[in-house]
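Here the structure is laid out as structure tokens; the discussion comes afterwards.
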There are 2 protein chains.
Amino acid sequence: MPAMMKMCELLEMEHLDKGKEIAIGNRDKKSIFFLKKGAVKILNSTHNTTKYVVKKGNIFGELSLYDEQAAAMEKAITLEESIICYIQSDMMEELMEKHKSLKNGVFKVYGLRIKKLERRLEDLLYKDSKTRIADFIYAYVKEFGEDKLDRIEAKNLLSHKDIANLTNTSRQTVNNVLSTLRKEKRIDYNTREIAIFKPMLEE
Amino acid sequence: MPAMMKMCELLEMEHLDKGKEIAIGNRDKKSIFFLKKGAVKILNSTHNTTKYVVKKGNIFGELSLYDEQAAAMEKAITLEESIICYIQSDMMEELMEKHKSLKNGVFKVYGLRIKKLERRLEDLLYKDSKTRIADFIYAYVKEFGEDKLDRIEAKNLLSHKDIANLTNTSRQTVNNVLSTLRKEKRIDYNTREIAIFKPMLEE
DNA sequence: TTGAGATGTACTTCAAACGACACTTTAAAA
DNA sequence: TTTTAAAGTGTCGTTTGAAGTACATCTCAA
């Protein structure tokens with residue numbers, strides 16, 4: 001979203017340590033957030049289960065634009081030191097009316113979210129839990145990681161519980177799959193980082 | 001979507017028998033559809049699994065607006081005699097630029113779809129299959145049904161296989177739950193219709 | 001009338017959740 | 001700094017929900 005990125009220069013900015021909560025829906029006014037640096041996870045605020053992971057350069061809280069109630073159901077927690085910009089949703093609406101590219105950008109974000117959700121639901125029907133977890137790890141490292149000679153390395157920002165939530169599995173199964181992949185030399189990980197080995201990269 | 005409904009008067013209209021397929025993504029031009037009468041189910045076109053049920057007065061194929069590829073993955077099948085109106089997605093885009101209320105309406109539809117998907121995913125995590133099926137039946141009858149003295153009656157438009165897809169369960173489990181609910185006098189159904197008994201209406 | 005699809009029921013199987021516990025890391029308190 | 005508690009990780013058995021298999025109706029278009 002380049003338009004959003006440019007806009008961000010003009011906005012209120014906030015610097016947050018790791019593990020800080022951002023109450024998407026509980027502010028005096030609902031806001032849309034733009035993640036300038038770092039990473040956050042979006043939780044279901046009633047069950048405290050992780051629903052998404054958002055990478056720097058992306059927006060979150062966008063649901064509050066047309067459904068305040070839905071936005072109130074989610075909260076964000078920083079997974080590492082992060083910088084966010086935010087704008088109140090009614091101001092954002094005004095801006096979107098003026099700048100079509102902005103509105104279309106948000107439209108795309110909504111569409112993408114639908115696509116991801118449907119994909120996840122479909123996977124639940126057609127893939128077993130081990131595959132879902134392995135697929136998730138590969139996708140996560142590819143999205144969040146950096147390309148090295150023989151491997152792709154990403155910061156290990158998620159707990160096994162988070163991964164279990166994101167793949168609709170249990171913490172123990174996640175651990176089991178990760179350990180197995182490690183034994184098979186397909187991935188490696190420690191508390192800091194997680195890496196996938198390139199020669200093993202299929203798909 | 002009142003704006004859409006008014007617009008519909010001006011559009012191409014098509015009358016379809018029960019069981020007819022509408023290729024959302026395979027037309028020469030992608031279109032948005034407005035269901036004027038009847039009901040359709042939206043399928044995942046690769047797996048032929050039912051993803052949604054759309055009731056008269058609602059739109060479908062709206063994904064093609066900002067993601068043609070995603071729309072190509074779905075197809076619709078009429079569940080009963082239906083009337084649809086449709087407009088090519090690029091024409092719809094033009095119209096939406098002119099009429100803000102239309103664009104905002106589509107935004108709402110997207111948001112609603114996200115909400116439903118997230119709800120479904122959440123249910124998968126927190127409800128067992130029997131509960132999901134029962135909840136679905138109650139929601140379906142309430143949405144599609146007509147209020148009678150002691151019961152709410154809806155046309156029985158979905159096969160057990162459809163319901164299984166919609167609740168991420170198996171055909172046999174659906175049958176099992178339905179039979180049990182019938183034995184318990186909480187619901188009643190035959191090939192034509194399905195009804196829930198009001199005194200039993202909780203929630 | 002006939003055959004394909006839908007429904008109903010029972011039994012078997014198995015993936016994956018769950019419970020239990022030891023060990024490790026992290027972060028805050030003393 | 002050291003201590004301590006909380007959270008996260010690693011590995012087990014055990015249990016069980018629900019899918020799968022199998023087959024007998026039933027329904028309804030062609």
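The shown structure was predicted, so the numbers you read here are calculated from the model rather than taken from an experiment. Here is how names work: the chains are called A, B, and so on, in the same order as the sequence lines, proteins then strands, and each is numbered from 1.
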**Prompt:** Would a line drawn from the ring center of A/F107 to the ring center of B/Y110 be shorter than 6.0 Å?
**Reply:**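 Judged by ring-centre distance (under 6.0 Å), A/F107 and B/Y110 do meet the cut-off.
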**Message:** Quick check for you: among C/dT7, C/dA20, C/dA17, whose closest atom lies nearest to any side-chain atom of A/Q172?
**Reply:**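 Out of C/dT7, C/dA20, C/dA17, the nucleotide with an atom closest to A/Q172's side chain is C/dA20.
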Gap between atoms [atom1] and [atom2], on [X] and [N] respectively (whole Å):
X      : N      : atom1 : atom2 : answer
A/I163 : D/dG10 : CD1   : C1'   : 14 Å
A/N168 : C/dA15 : CG    : P     : 19 Å
B/L125 : D/dG17 : CG    : P     : 17 Å
A/K130 : C/dA16 : NZ    : C1'   : 7 Å
A/N176 : D/dG13 : CG    : C1'   : 13 Å
B/I77  : C/dG5  : CD1   : C1'   : 14 Å
A/H160 : D/dA7  : NE2   : P     : 17 Å
B/D128 : D/dT15 : CG    : C1'   : 16 Å

**Message:** Please tell me whether B/N165 and B/T49 have a donor and an acceptor in their side chains that are separated by less than 3.5 angstrom.
**Reply:** no
**Request:** Determine whether the side chains of B/D128 and B/T131 contain a donor N or O and an acceptor N or O closer than 3.5 Å.
**Result:**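 Distance-only check passes for B/D128 and B/T131.
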Heavy atoms only, 4.0 Å cut-off, all strands: where does [X] land among base, sugar-phosphate and nothing?
X      : answer
B/N190 : nothing
A/N175 : base
A/D162 : nothing

Within the structure, does a side-chain N or O atom of [X] lie under 4.0 Å from either OP1 or OP2 of [N]?
X      : N      : value
B/R171 : D/dG20 : no
B/Y189 : C/dG8  : yes
B/S129 : D/dA18 : yes
B/T173 : D/dA19 : yes
B/S179 : C/dT9  : yes
B/T169 : D/dA18 : no

**Prompt:** What orientation do A/Y126 and B/H47 show, parallel under 30°, tilted 30 to 60°, or perpendicular over 60°?
**Reply:** parallel
**Item:** Heavy-atom donor-acceptor pair, A/N156 side chain to A/N190 backbone, under 3.5 Å
**Value:**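 Pair found, side chain donor or acceptor close to backbone of A/N190.
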**Prompt:** Is there a donor-acceptor contact under 3.5 Å from the side chain of B/S89 to the main chain of B/L65?
**Reply:**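 Pair absent, no side-chain N/O of B/S89 close to backbone of B/L65.
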**Request:** Indicate the atoms forming the closest heavy-atom contact of B/K198 with B/L149, along with that distance.
**Result:**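 Scanning both residues, the minimum pair turns out to be NZ-O, 3.3 Å.
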**Asked** Taking five pairs at each end of the helix from C/dT1-D/dA30 to C/dA30-D/dT1, what angle separates the two helix axes (nearest 10°)?
**Response** 50°
**Pairwise distance NZ(B/K20) to OG(B/S82) - rounded to 0.5 angstrom** =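 The distance works out to 11.5 Å.
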**Message:** For the CD1 atom of B/I163 and the OG1 atom of B/T167, what is their distance to the nearest 0.5 Å?
**Reply:**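 Going from CD1 on B/I163 over to OG1 on B/T167, the span is 7.5 Å.
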Got a list of protein N/O to nucleotides 22-27 of chain C N/O distances below 3.5 Å?
none

**Asked** Of B/S159 and A/R132, whose closest DNA chain C nucleotide lies nearer the 5' terminus?
**Response**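 Its nearest nucleotide lies further toward 5', so the answer is B/S159.
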**Request:** Measure from NZ or CZ of B/R186 to the centre of the six-membered ring of B/F197, then state whether that distance is under 6.0 Å and the direction lies within 45° of the axis.
**Result:**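 Negative - B/R186 is either too far from the ring of B/F197 or too far off its axis.
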